[in-house]
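Structure first, then comments.
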Amino acid sequence: MLTLFAWPQARFEPRDLPLGIAGPPQATALLEARLAEAGDAFEVHRYADEASARAAIEDREVYGAIAASRTGVTLLTASAGSPAVAGLLQEQFAAATPGGEGGSSQQAVAEVVDVVPADPDDPRGAALSASVLPLLLAGIITGALVATITAPGLVQLGALLAASALAGLAAVAIAQGWLGVIEGSWVANAGVLSLTVLAVALVVAGLVALLGLPGIGVAAVLMVLIGNPWSGIGSAPELLPRPIGGIGQLFPPGAGGNALRSTAFFDCARAGGHVAVLIVWAVLGLVAMGAGAHRKQRATGEAASR
């Protein structure tokens, strides 16, 4: 457990972090040279102008961008996407950035612009990050309770769907209605939250159908001890050691948390892939439930034939 939780934080640094460079080649040459010196820390995306870079940030193609021109340098960030990355970019590039008309001097960044700011009630994104674990626990508890009091089938599926929908509605009412730490469409946010709970609950129910009560423990290990610390929701997947940053996005905590960021702050940009991951987990849970029910029916039939 210490390794799973502490290792990502102990090796916290950018790895192929998507970052934009905008401006004419003569203005960005030294910027690109400086980024090249950082090795594989940044994955550079080039844009013709600042407007294109802003659009890329809003579409979640990059976490930020450096826009250079003959008159100065502007650092563009998106604290809604990751306050940790926004702070890192300011530390590394706001102090002294290559620039100037001659292209040979060190010119301080003229301006830092937060293109997609985090909610003012949660500027560090702490509340949004903290919401992931309760969703996992809600899914585990829902799946465990429903699986132990109902048999696999339509009744069990209906109970899981209803409980997950209620959990999502309650979560959006708290996070968006009361605390006000997320923005965007209530319907989209509630949908993502409900789907996250449902994916976890279906996996729990499916594992219980296959393994019995030990399936709850297996699901808890997968979601809480692996998926949660590897999700990168409190920072960014690209700041975690390889390959766990990428692996974490294939689990419901990482997929659900990033999908919520997209629906809450980026008008659903790049949410599709994360929603697909949640759907895949939900389908796997359904398949496991069906397999468990089929095995139980076969065992019952064999016992009756004897």
Side-chain angles (χ1 to χ4, degrees), residues 55-61 78-83 114-123 125-143 146 154 156-205 223 227-228 231-234 237 249-286:
I57 292 172
E58 293 169 351
D59 289 338
R60 299 201 75 182
E61 293 179 7
S79 58
S82 172
D114 197 347
V115 177
V116 187
D119 191 283
D121 291 327
D122 186 28
L128 188 148
S129 302
S131 67
V132 174
L133 183 58
L135 289 175
L136 298 183
L137 296 178
I140 292 171
I141 293 171
T142 297
V146 173
L154 292 179
Q156 185 175 102
L157 177 59
L160 291 172
L161 287 170
S164 299
L166 289 173
L169 290 172
V172 80
I174 293 171
Q176 191 163 1
W178 174 38
L179 299 177
V181 295
I182 59 174
E183 304 171 2
S185 167
W186 280 63
V187 174
N189 293 337
V192 166
L193 293 166
S194 298
L195 182 57
T196 303
V197 174
L198 179 63
V200 176
L202 283 171
V203 169
V204 173
M223 301 301 169
N228 186 48
S231 67
I233 296 303
Q249 303 315 296
L250 301 178
F251 281 77
N258 267 305
L260 181 60
R261 282 194 188 279
S262 292
T263 57
F265 299 106
F266 294 89
D267 196 24
C268 298
R270 303 277 170 158
H274 302 300
V275 170
V277 170
L278 295 174
I279 292 174
V280 168
W281 279 96
V283 171
L284 290 174
L286 281 172

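To the nearest 0.5 Å, atom CD of residue Gln156 and atom CG of residue Leu161 are 11.0 Å apart. Note: Leu198 CG to Leu193 CG = 12.5 Å, rounded to the nearest 0.5 Å. Distance CG/Asp114 to CD1/Ile57: 9.0 Å, rounded to 0.5 Å. Here the CG-CD1 distance, from Asp122 to Ile182, works out to 10.0 Å after rounding to the nearest 0.5 Å.
Looking only at side-chain heavy atoms (C-beta outward), Val146 and Val204 stay at 4.5 Å or farther from each other. Between Val203 and Met223 the shortest side-chain heavy-atom distance falls below 4.5 Å. Side-chain contact between Val181 and Leu128: absent, with no pair of heavy atoms (C-beta onward) separated by less than 4.5 Å.
In plain terms, the two heavy atoms of Phe266 and Glu58 that are nearest each other are CD2-O, 3.5 Å. In terms of heavy-atom proximity, Ala190 sits nearest to Val172 at CB-CG1, 3.9 Å. Between Gly125 and Pro83, the shortest heavy-atom contact is N-CG, 3.8 Å. A pairwise comparison of heavy atoms in Ser194 and Gly168 identifies OG-CA, 3.2 Å as the closest pair.
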Pair up each side-chain donor or acceptor in residues 272-285 with any protein partner under 3.5 Å, not counting sequence neighbours, and list the distances.
from   : atom 1 : to     : atom 2 : distance (Å)
Trp281 : NE1    : Leu250 : O      : 2.6

When the side chains of residues 251-261 are checked against the rest of the protein, which donor-acceptor pairs come out under 3.5 Å, sequence neighbours left out?
from   : atom 1 : to     : atom 2 : distance (Å)
Asn258 : OD1    : Arg60  : NH2    : 3.4
Asn258 : ND2    : Gln249 : OE1    : 2.6
Asn258 : ND2    : Gly254 : O      : 3.4
Arg261 : NH1    : Ala80  : O      : 2.8
Arg261 : NH2    : Ile233 : O      : 2.8

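Here the side chain of Ser231 pairs a donor or acceptor atom with the backbone of Asn228 at under 3.5 angstrom.
Every residue meeting the side-chain contact (heavy atoms from CB on, under 4.5 Å) condition with Ala118, not counting sequence neighbours, appears here in chain and number order: Ser79. Residues that satisfy the side-chain contact (heavy atoms from CB on, under 4.5 Å) test with Ala167, not counting sequence neighbours, are Val197. Checked against side-chain contact (heavy atoms from CB on, under 4.5 Å), Glu61 has the following partners two or more places apart in sequence or in another chain: Tyr47, Ala56, Asp59, Arg270. Not counting sequence neighbours, the partners of Ala201 by the side-chain contact (heavy atoms from CB on, under 4.5 Å) test are Thr142, Leu160, Ser164.
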